[in-house]
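First up is the structure itself, then whatever we jot down about it.
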Amino acid sequence: MSGERPIGVIGVGWVGLVTATCFADMGHEVIAMDIDAAKIRSLSRREVPIHEPGIEKLLERNADRLTFTTEMEAVLESARLLFCCVDTPPTYSGDADLSRVQAVVSQLADDGDHALVMKSTVPSGTGRAIRRDAPGLSYVSCPEFLKEGTAVEDFLHPDRVVIGADAGAEWAADQIEAIYRPLGGEIVRTDVASAEMIKLAANAFLATKISFINEIANVCEEVGADVTEVARGMGLDKRIGPSFLRAGVGYGGSCFPKDVSALKQLAGNTGYHFQLLTAVIEVNELQKRRVIGKLEKHLGSLAGKTIALLGLAFKPDTDDMREASSLVLAARLHGEGATVRGYDPVAERPASELLPSVELSGSAEEALEGADAAVLVTEWPEFAELDWEALRERMGNALVVDGRNFLDAQRLRDAGFAYEGIGLANGESDEAREARESAEAGSR
Ligand code: UGA
């Protein structure tokens with residue numbers, strides 16, 4: 001806003017770009033910096049290097065308030081608040097790699113004029129370590145809770161904004177609170193270590209909810225219950241809540257797997273064994289593999305069979321394939337000797353790099369042509385719109401394994417498909433089951 005100093009954003013990956021464009025949309029001047037010159041060039045031309053709904057419009061609409069640069073000097077000259085949005089990928093040990101954060105800190109003058117506002121997800125204790133090395137630097141932890149695919153919406157309508165600052169950084173915390181207040185949402189003012197922990201604990205809890213409902217789904221399959229009914233009945237209890245109770249082929253993405261593991265390691269480094277998270281991780285790993293058993297139940301050996309994976313990104317509305325369930329599934333299917341086809345509406349480029357042995361198709365129809373089974377991995381809305389009745393004739397075998405309980409099971413069954421979801425009562429009539437079992441017995 002006029003008269004104020006611009007907001008600095010360091011690192012224009014997914015979090016940084018959403019942060020920069022949303023601040024600009026709120027009327028602030030923003031100077032955003034990244035060491036990747038090609039990315040800065042494309043952003044300066046208003047080309048968006050990521051797939052995130054709404055970003056292009058924000059960039060276009062606020063072009064005159066956004067400056068992109070590769071020069072840290074330029075940011076330090078104009079901005080006082082420096083939102084650090086560099087990535088913190090996992091290391092082989094499962095700890096977070098903080099080298100990019102450290103590279104940023106090493107370039108900051110310890111002059112008391114600037115505040116480093118940490119948006120990157122870092123282990124609890126990072127703020128304390130940074131302040132030990134740069135005591136004059138004001139440090140604020142302001143974790144982000146954005147979801148890929150709805151990040152702009154999440155940013156502009158936050159449930160809460162967490163601002164963690166210790167003595168000496170209150171001036172920065174006050175300014176950050178003033179920036180966020182117009183968005184509504186509860187402002188949580190706390191200390192740095194607690195703010196860092198809120199972020200990790202929130203992601204770990206959501207991941208725990210998912211692994212919990214996935215285990216319930218697995219038990220539902222054994223006892224003939226329907227997990228979607230169970231989740232509905234559980235979620236109406238306000239103490240439990242309805243969200244993140246969708247059973248499926250496990251969670252993926254750049255956040256949950258990394259943050260759950262980082263919290264587990266963080267606890268381990270202090271000598272505490274976080275047993276619950278060990279189970280959350282293991283359940284998630286096994287969940288991705290259960291699809292193989294469902295396919296084998298109908299097809300017998302998968303050797304020589306053609307399996308089409310519908311959706312390769314870790315969730316819809318993103319081209320992000322980091323830790324996507326499709327990666328594990330494709331590897332397992334190859335291991336069983338199957339030919340694997342894949343289709344995703346937007347993740348074709350990362351898929352061609354990460355899944356070199358998967359035959360990528362230009363459409364769902366092409367992937368399903370002659371296939372022995374369709375496995376829905378990512379619930380892109382267009383998969384519900386497919387003409388499944390017509391596809392039934394074009395597939396080699398009429399089997400759908402719905403890894404997200406997303407498709408209309410009754411419609412598919414009416415069209416002649418065998419349909420398998422996750423944690424659903426089988427839906428097979430007694431006659432159909434008897435017929436299948438006697439066919440299976442005959443083929444042995
Ligand atoms: C997650 C958190 O939801 C955000 O609050 C957080 O800011 C972000 O991580 C982060 O730390 O940066 P995101 O990874 O974008 O966001 O994706 P989610 O929508 O949370 O989904 C994560 C995974 O869980 C996906 O693979 C999704 O398919 C799966 N999921 C989600 C389920 O299997 N079941 C559910 O009920 C919900």
Side-chain angles (χ1 to χ4, degrees), residues 11 13-19 50-53 85-90 96 118-123 142-155 157-162 185 196 198-217 227-228 230-232 234-235 240-263 280-281 283-285 287-288 290-291 311-329 347 376-380 402-406 421-423:
W14 176 78
V15 173
L17 191 54
V18 173
T19 304
I50 56 166
H51 178 87
E52 183 63 39
C85 303
V86 297
D87 58 340
T88 52
M118 192 56 69
K119 281 234 153 269
S120 306
T121 301
V122 293
C142 182
E144 56 83 13
F145 301 98
L146 313 175
K147 298 184 291 304
E148 289 190 29
T150 55
V152 171
E153 182 65 17
D154 293 344
F155 190 100
H157 303 100
D159 287 347
R160 77 320 205 171
V161 175
V162 175
E196 291 170 340
I198 287 169
K199 167 69 188 183
L200 288 178
N203 270 2
F205 186 74
L206 292 170
T208 302
K209 268 186 118 175
I210 298 170
S211 278
F212 180 84
I213 202 66
N214 282 338
E215 288 217 281
I216 293 290
V227 74
T228 55
V230 176
R232 188 162 66 93
M234 285 171 62
I240 297 174
S243 47
F244 281 70
L245 287 181
R246 274 180 289 113
V249 285
Y251 62 78
S254 63
C255 303
F256 284 176
K258 166 179 81 98
D259 291 350
V260 175
S261 160
L263 180 53
V280 168
I281 294 166
V283 168
N284 195 51
E285 285 311 311
Q287 195 66 15
K288 300 174 188 174
R290 284 177 64 89
V291 167
L312 303 169
F314 84 96
K315 66 174 194 176
D317 260 328
T318 175
D319 61 353
D320 195 340
M321 282 190 54
R322 283 175 286 181
E323 303 279 345
S325 298
S326 61
L327 300 173
V328 175
L329 260 170
L376 186 136
V377 188
T378 316
E379 65 277 33
W380 284 98
D402 183 353
R404 300 287 176 186
N405 294 341
F406 179 66
I422 307 291

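As a basis for the values below, the full set of heavy atoms in this structure was taken, side chains included, without hydrogen atoms, waters or symmetry mates. Counting starts at 1 for both ligands and their atoms, in listed order.
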- Task: Report the part of Asn203 in contact with ligand 1, treating N, CA, C, O as backbone and CB onward as side chain, heavy atoms under 4.0 Å; options are side chain, backbone, both, neither.
- Result: side chain

- Query: Is it the side chain (CB and beyond), the backbone, both or neither of Ile210 that lies under 4.0 Å from ligand 1, heavy atoms counted?
  - Reply: side chain

- Message: Give me the nearest non-hydrogen protein atom to atom 8 (C) of ligand 1 as residue plus atom name, then the distance to 0.1 Å.
- Response: Leu146 O, 3.2 Å

- So which of Lys199, Glu323, Gln287 gets nearest to atom 11 (O) of ligand 1, if we judge by its closest heavy atom? Lys199

- Query: Which atoms of ligand 1 sit under 4.0 Å from any heavy atom of Asp259?
  - Reply: 11 (O)

- Please report the shortest heavy-atom distance between Val86 and Gly11, naming the atom on each side. CG1-CA, 4.1 Å

- Among Phe256, Phe244, Phe314, the residue with a heavy atom nearest to atom 2 (C) of ligand 1 is Phe256

- What protein heavy atom sits nearest atom 3 (O) of ligand 1, and how far off is it? Lys147 CG, 3.5 Å

- For Ser211 and Val280, which heavy atoms make the closest approach, and how far apart are they? OG-O, 2.9 Å

- Taking only non-hydrogen atoms of Tyr251 and a 4.0 Å limit, the atoms of ligand 1 in range are 23 (C), 24 (O), 26 (O), 29 (C)

- Item | NZ/NE/NH1/NH2 to OD/OE distance under 4.0 Å, Glu196 and Lys199 | no

- Task: Answer whether the closest heavy-atom distance between the side chains of Tyr251 and Asn203 falls below 4.5 Å.
- Result: no

- Per-atom contacts of ligand 1 with Leu245, taking only distances under 4.0 Å to non-hydrogen atoms: 36 (O)

- Message: Pairing donors with acceptors under 3.5 angstrom, does anything connect the side chains of Ser326 and Lys288?
- Response: no

- For atom 18 (P) of ligand 1, state which one of Glu379, Lys119, Arg404, Lys315 supplies the nearest heavy atom. Lys315

- Query: Just distances here: any N/O of Leu206 and N/O of ligand 1 closer than 3.5 Å?
  - Reply: no

- Query: Roughly how far, to the nearest 0.5 Å, is the NZ atom of Lys147 from the OG1 atom of Thr318?
  - Reply: 13.5 Å

- Backbone N/O of Gly248 and side chain of Asn214: donor-acceptor pair under 3.5 Å: yes

- Measure the distances from the heavy atoms of Cys255 to every atom of ligand 1 and state whether one is below 4.0 angstrom. yes

- Check each of His51, Glu148, Glu52 against Trp14 using the side-chain hydrogen bond (donor to acceptor under 3.5 Å, both in side chains) test, and report the only one that passes. Glu52

- Query: Which residue supplies the protein heavy atom nearest to atom 36 (O) of ligand 1, what is that atom called, and how far is it?
  - Reply: Arg246 N, 2.9 Å

- Item | Region of Glu148 that comes within reach of ligand 1 [heavy atoms, distance under 4.0 Å] | both

- Item | Note: Glu379-Arg246 ion pair, threshold 4.0 Å (strictly below) | yes

- Query: Considering only heavy atoms, does Lys209 approach ligand 1 within less than 4.0 Å through its side chain, its backbone, both, or neither?
  - Reply: neither

- Message: Which heavy atom of Leu312 sits nearest to which heavy atom of Ala324, and what is that distance?
- Response: O-CB, 3.4 Å

- Task: Could you say whether the N/O atoms of Thr121 and ligand 1 ever approach to under 3.5 Å?
- Result: no

- Item | For Arg160 against Ala202, the heavy-atom pair lying closest together | NH2-CB, 3.9 Å

- Task: Report the part of Asp154 (side chain from C-beta onward, or backbone N, CA, C, O) that has a heavy atom under 4.0 Å from ligand 1; answer both or neither where that applies.
- Result: neither

- 4.0 Å heavy-atom contact, Gly248 with ligand 1: no

- Message: Under 4.0 Å from a heavy atom of Phe145: which atoms of ligand 1 are those, numbered in the order shown and with their elements?
- Response: 4 (C), 5 (O), 6 (C), 7 (O)

- Message: Can you confirm whether Val162 sits close enough to Cys142 that some side-chain heavy atom of one is under 4.5 Å from a side-chain heavy atom of the other?
- Response: no

